[in-house]
Amino acid sequence: MNQEYILAKEKFATLGIDTEKVIDELADVSVSLHCWQGDDVCGFDSDTGISGGIQTTGNYPGKATTPEQLMADIDKVLALDPGAHKLNLHASYAIFADGEYADRDAILPKHFEPWVRFAKERGMGIDFNPTFFGHPKADGLTLSSPDDHTRAFWVRHGIACLKIAEYFANETGVPCVMNVWIPDGYKDIPADRLGPRARFMRSMDEILATPYDKSRVFVTLESKVFGIGLESYTVGSAEFGMGYVLSRGIVPLMDNGHYHPTEAVSDKISSMLLFSDKLALHVTRAVRWDSDHVIRLDDETREIAKEIVASGRMKDIFIALDYFDASINRIAAWTAGLRNFRKALLIAMLTPNARFTELQNEGRMTELLVLQEEIKSYPWGAVYDEYCRRLGAPVGEAWLEDVLNYEKEILINR
Ligand code: RNT
Ligand code: ZN
């Protein structure tokens with residue numbers, strides 16, 4: 001066995017932590033990988049491009065433009081982050097046969113059949129997202145639109161997606177998380193804040209009135225504070241989201257880029273867990289606004305992971321990633337963020353959380369602070385390397401070379 005790992009194992013044992021057990025448990029933590037990092041959130045169903053106050057900046061070469069390319073890129077990323085995954089798709093990634101097309105309100109399970117095959121071959125479940133942006137009818141408001149036709153169109157889209165979500169769950173045997181996020185809002189101060197929210201509520205009720213298997217499909221609602229061009233008002237605010245999910249028995253989704261900059265999702269997790277059986281997260285890195293930067297191993301990322309692990313409710317938390325950077329190699333961006341979040345989970349699992357809780361309850365805050373800081377320099381890196389080694393993934397920065405070779409051989413030629 002690797003010498004560094006043996007020493008690390010002994011060191012963590014002094015804290016009562018069994019690194020062998022942690023390695024096994026970490027491999028089972030399923031992280032939902034967002035397909036949209038690979039193609040700048042473009043999708044395959046139109047040339048409209050991204051909209052809705054989100055933006056991918058950068059023009060790095062090698063973007064995936066076909067399902068085959070995107071699937072190949074996803075495979076690359078999966079190989080570089082050992083452990084369990086789900087695949088997170090948007091409705092805009094429907095795959096049409098030659099000459100075929102279905103608008104968003106008419107998409108069917110068959111348009112996602114290649115994705116199901118892809119996921120099944122890799123033993124993954126699939127999560128899903130209706131796409132309420134990047135479409136001519138998403139120019140203004142969608143589910144909160146005052147225009148009945150537009151609103152009805154998007155309600156039909158939501159219902160079509162529920163059926164596809166159910167299909168994913170049935171085919172893969174893994175429950176599907178279907179996340180609703182709408183970009184609806186206004187750049188400037190609206191005259192009426194209540195009307196759009198009331199219409200959003202009605203639209204969601206209409207979608208959820210469709211019968212679906214609630215043990216296999218978990219509908220989540222993602223709130224947001226603002227977007228580009230939607231600075232003054234977002235219909236699906238945090239309060240709307242919380243009120244809606246708790247009153248309707250669906251699941252809250254918190255994206256840590258969707259709050260005011262000094263608010264921390266790490267502090268919100270425990271409250272939500274007390275009021276909701278399940279909780280969903282979009283882990284990202286906010287830089288001043290919802291900028292969807294690559295996840296770093298920063299304090300908030302670590303604190304989010306710690307809250308997930310220390311809560312003892314990991315099985316109730318759906319972890320998904322959400323960032324899109326086109327200014328650097330997209331596969332490196334994807335992989336770095338994914339590995340960083342898994343490292344954050346590992347660090348949290350190597351923390352004596354129960355012992356720290358005791359210190360807190362006994363009021364021994366001096367010891368708590370000192371130990372929390374000292375443990376930061378414990379050799380978790382050696383455990384992570386061993387984890388990669390055992391699961392057959394590159395150790396340390398060796399994965400970068402792999403990605404750069406792939407860039408030279410594949411991406412540059414696209
Ligand atoms: C947008 C939301 C949403 C999207 C994805 C593409 O602000 O975070 O989750 O990023 O659905
Ligand atoms: Zn998100």
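For ligands, and for the atoms within them, numbers begin at 1 and follow the listed sequence. Note that this is a predicted model, so its numbers are computed, not measured.
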Inset, instruction - Check all N, O or S atoms of D322 and name the one closest to the Zn ion (ligand 2). - result: OD2
Inset, instruction - Answer yes or no: does atom CG of L274 have more than 12 heavy-atom neighbours from other residues, nucleotides or ligands under 6.0 Å? - result: yes
Inset, instruction - Taking only heavy atoms of H90 into account, list the atoms of ligand 1 that are under 4.0 Å away from them. - result: 5 (C), 6 (C), 11 (O)
Legend entry - N/O/S atom name from E222 that is nearest to the position of the Zn ion (ligand 2): OE2
Inset, instruction - Report yes or no: does D292 have an N/O/S atom closer than 2.8 Å to the Zn ion (ligand 2)? - result: no
Legend entry - Sub-3.5 Å N/O-N/O distance, K224 and ligand 1: yes
Inset, instruction - Please identify which atoms of ligand 1 are closer than 4.0 Å to at least one heavy atom of I54. - result: 1 (C), 7 (O)
Legend entry - Atom indices of ligand 1 within 4.0 angstrom of H258 heavy atoms, with elements: 1 (C), 2 (C), 7 (O), 8 (O)
Inset, instruction - Give a yes or no on this: more than 12 heavy atoms of other residues, nucleotides or ligands lie within 6.0 Å of atom CG of L194. - result: no
Inset, instruction - Would you mind reporting whether L15 and R355 have side-chain heavy atoms less than 4.5 Å apart? - result: yes
Inset, instruction - Show which atoms of ligand 1 fall inside a sub-4.0 Å distance from at least one heavy-atom site of H282. - result: 9 (O)
Inset, instruction - Given side-chain hydrogen bond (donor to acceptor under 3.5 Å, both in side chains), test Y387 with D24 step by step and report yes or no. - result: CA-CA 9 Å; Y387 172 79; D24 288 345; over 6 Å; no
Legend entry - Note, T56 side chain near D325 side chain (heavy atom, < 4.5 Å): no
Inset, instruction - Flag E222 as yes when one of its N or O atoms lies below 3.5 Å from any N or O atom of ligand 1, and as no otherwise. - result: yes
Inset, instruction - Using a cut-off of 6.0 Å, state whether more than 12 heavy atoms not belonging to F96 lie near its atom CZ. - result: yes
Inset, instruction - Might you confirm whether atom CZ of R296 has over 12 heavy atoms from other residues, nucleotides or ligands at distances under 6.0 Å? - result: no
Inset, instruction - Could you check which N/O/S atom of D255 is closest to the Zn ion (ligand 2)? - result: OD2
Inset, instruction - Decide, counting backbone as well as side-chain atoms, whether H282 has an N, O or S atom less than 2.8 Å from the Zn ion (ligand 2). - result: yes
Inset, instruction - Could you tell me which atoms of ligand 1, counted from 1 in the order shown, lie closer than 4.0 angstrom to a heavy atom of F324? - result: 10 (O)
Inset, instruction - Do me a favour and list the nearest non-hydrogen protein atom to atom 4 (C) of ligand 1 with residue, atom name and distance? - result: D322 OD2, 3.6 Å
Legend entry - Side-chain donor-acceptor pair present, D322, T284, cut-off under 3.5 Å: no
Inset, instruction - For ligand 1, indicate whether the residue H34 contacts it via side chain, backbone, both or neither (heavy-atom separation under 4.0 Å). - result: neither
Inset, instruction - State, yes or no, whether a side-chain contact exists between N129 and W181 at a heavy-atom distance under 4.5 Å. - result: no
